[in-house]
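Numbers for residues simply follow the sequence, beginning at 1.
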Amino acid sequence: MSGAAAGAERPEQQQRVRPPGPALPVSAVGQNRLLQVLIQGDPAEPSEELQRAQEQWEALEQTQAGLGGPLAAAPPPISFQEALQFFQSADLSQCRRQAQVPGGAHGLAVLLRCLTGPPRLRRRLREERELVLAMANCALDDTEWVHMRILQTIYTQLTRSRLSCPRYGPHWEELGFQGADPGTDLRGTGMLGLMQMLFFLLDTQTLPLAHDIFKLSQHETQNFPFCIMSINITRMVVQALREDRLSRVCNRRREVIAVINDLYAAAFLQLYRVWKRQHKTIADSAPLLRELELSTKRKPKQLLRALQTYVSLRPRSSPSEAEEINFMGICDPHIELEGDARLV
């Protein structure tokens, strides 16, 4: 074959060759209109319909990137310490104003409190208490990336799924929230409700207990909403803190956040033991929660000692062992959970 013949192009080949145009995102393939434009060639001036469609698709991409689409890779997990540092540096001035820490007493009330009431929290610990109460007044914010990471980390720790999940959906009910939006269950505890859940699921000492409780919450007859129970316990702990019921322990340990996290875990341990040993069901939840609330206020030291004994007798989970816990991924394809447990 001669060089001239080899270098010549056929007419149909010349028609197929197009100069490279501006690259479109892969997501545009999912839009029929954008795909047609790619095939037919980009117009010099895109139509108003095309521009509007592309803007809507880009907005959808941003929403899925922030909240986690059904098949998106999970956002990076967040540690309890990193989340706490965020709240320590965040502007929570409005939440602090809403906290309404009980004011100081005067006159005879001071004398009666000294003689019969619980001790006051030391001054250097009051700022830490204010932070706790501010977090309890901080609502879940869809636009705050750290809030979303906390929520997604709780999901992946409970389900062991490698995929993220949508911000709203029935998968949250399967984990023990009342509906498709976990934010609606946080009234009264705010982000502190999620922070204590995060601590419970990440701490190597309490992770085995969290595993056991979540497993019991999925029981055929003894099932209960894990996350709602958790939020109820956070509410009890916050109330005990507000009433200075924990001041003695906080003063002795010279810390507040670690104390309330330990009391949260201790109260959950007490609930778990009673629920399991006495074969309780969701119908028994109201009197059990009332009794548990009294214990958090009147017997916090006993609860904390029981937790300390439990931790000392049970091996601590390492991070690598934690990853081997075989939970179901509720948002994983072809996986369904049965049952609908709610508090009454």
Side-chain angles (χ1 to χ4, degrees), residues 74-96 98-99 101 125-159 167 172 175-177 181-207 209-210 213-214 225-242 246 249-250 253 255-269 271 296 300 304 307 322:
I78 191 170
S79 68
F80 177 80
Q81 191 60 36
E82 182 184 354
L84 179 60
Q85 290 174 354
F86 164 79
F87 286 106
Q88 288 172 334
S89 60
D91 181 13
L92 300 177
S93 54
Q94 183 176 358
C95 298
R96 290 177 185 272
Q98 297 172 353
V101 178
L125 296 177
R126 293 176 189 174
E127 184 177 351
E128 192 174 351
R129 179 183 63 181
E130 291 176 2
L131 174 62
V132 169
L133 298 180
M135 287 191 290
N137 282 278
C138 180
L140 179 64
D141 186 353
D142 289 1
T143 65
E144 181 51 67
W145 179 236
V146 171
H147 289 199
M148 295 298 101
R149 287 179 63 195
I150 292 172
L151 191 62
Q152 290 284 351
T153 301
I154 290 172
Y155 171 81
T156 55
Q157 284 296 110
L158 283 175
T159 65
R167 167 66 176 81
W172 296 115
L175 296 186
F177 288 100
D181 178 11
T184 60
D185 294 329
L186 299 177
R187 289 184 293 268
T189 65
M191 287 302 298
L192 183 65
L194 294 184
M195 283 290 287
Q196 291 210 295
M197 212 180 302
L198 182 71
F199 156 80
F200 197 45
L201 294 169
L202 292 181
D203 188 84
T204 56
Q205 292 184 318
T206 59
L207 179 60
L209 175 60
I213 296 175
F214 185 72
F226 176 88
C227 293
I228 291 299
M229 283 293 191
S230 171
I231 292 170
N232 271 277
I233 293 174
T234 296
R235 180 187 57 79
M236 299 174 194
V237 172
V238 169
Q239 190 60 34
L241 180 67
R242 291 177 62 88
L246 309 181
V249 180
C250 292
R253 291 177 50 173
E255 54 190 357
V256 175
I257 293 177
V259 170
I260 66 167
N261 283 343
D262 286 348
L263 183 60
Y264 161 91
F268 225 151
L269 172 62
L271 179 67
T296 58
L304 291 171
L307 177 66

If you take all heavy atoms of Phe80 and Ile257, which pair is closest and at what distance?
CZ-CG2, 4.1 Å
Minimal heavy-atom distance between Ala267 and Ile233, with the atoms involved, is CB-CG2, 3.8 Å
Under the side chain to side chain contact (heavy atoms under 4.5 Å, CB included) test against Cys227, which residue among Leu186, Leu194, Leu175 passes?
Leu175
Validation row: Met197, Thr234 side chains within 4.5 angstrom (heavy atoms)
no
Which residue pairs satisfy the side chain to side chain donor-acceptor pair (under 3.5 Å) criterion with at least one member in residues 258-267, sequence neighbours excluded?
Gln196-Asn261, Ser230-Tyr264, Arg253-Asp262
Hey, are the side chains of Val237 and Leu192 touching, using non-hydrogen atoms and a 4.5 Å cut-off?
no
With side chains defined as the heavy atoms from C-beta onward, is the minimum distance between Arg149 and Pro76 less than 4.5 Å?
yes
With side chains defined as the heavy atoms from C-beta onward, is the minimum distance between Val238 and Thr189 less than 4.5 Å?
no
Could you tell me which non-hydrogen atom of Pro225 sits nearest to which non-hydrogen atom of Gly176, and how far apart they are?
CB-O, 3.3 Å
Indicate yes or no: at least one non-hydrogen side-chain atom of Asp141 is less than 4.5 angstrom from one of Met191.
no
Heavy-atom closest contact (Met195 atom, Ala83 atom, distance)
SD-CB, 3.6 Å
Minimum heavy-atom distance between Phe214 and Leu158, given as atom pair plus value
CD1-CD2, 3.6 Å
From Ile228 atom CD1 to Asp185 atom CG, the distance as rounded to the nearest 0.5 Å
3.5 Å
So, for Cys250 and Leu125, which heavy atoms are closest and what is the spacing to 0.1 Å?
O-CD1, 3.4 Å
Got a second to check how far Arg167's CZ is from His147's NE2, nearest 0.5 Å?
11.0 Å
Interatomic distance, CZ@Arg235 vs OG1@Thr296, rounded to 0.5 Å, equals 8.5 Å
Are the side chains of Leu207 and Leu202 in contact, using a 4.5 Å heavy-atom criterion?
no
Interatomic distance, CE@Met135 vs CD@Gln88, rounded to 0.5 Å, equals 8.0 Å
Distance check, rounded to the nearest 0.5 Å: Leu84 atom CG versus Leu131 atom CG?
6.5 Å
Determine whether Leu92 and Phe87 make a side-chain contact, defined as any pair of heavy atoms from C-beta on separated by less than 4.5 Å.
yes
Side-chain touch Thr206/Leu269, heavy atoms, less than 4.5 angstrom
no
Reported CG-to-CD1 distance for the pair Leu263 and Ile260, which is rounded to 0.5 angstrom:
9.0 Å
Candidates Thr143, Thr153, Leu140 - the one meeting side chain to side chain contact (heavy atoms under 4.5 Å, CB included) with Met148:
Leu140
Relative to each other, are the rings of Phe268 and Phe226 parallel, tilted or perpendicular (30° and 60° limits)?
parallel
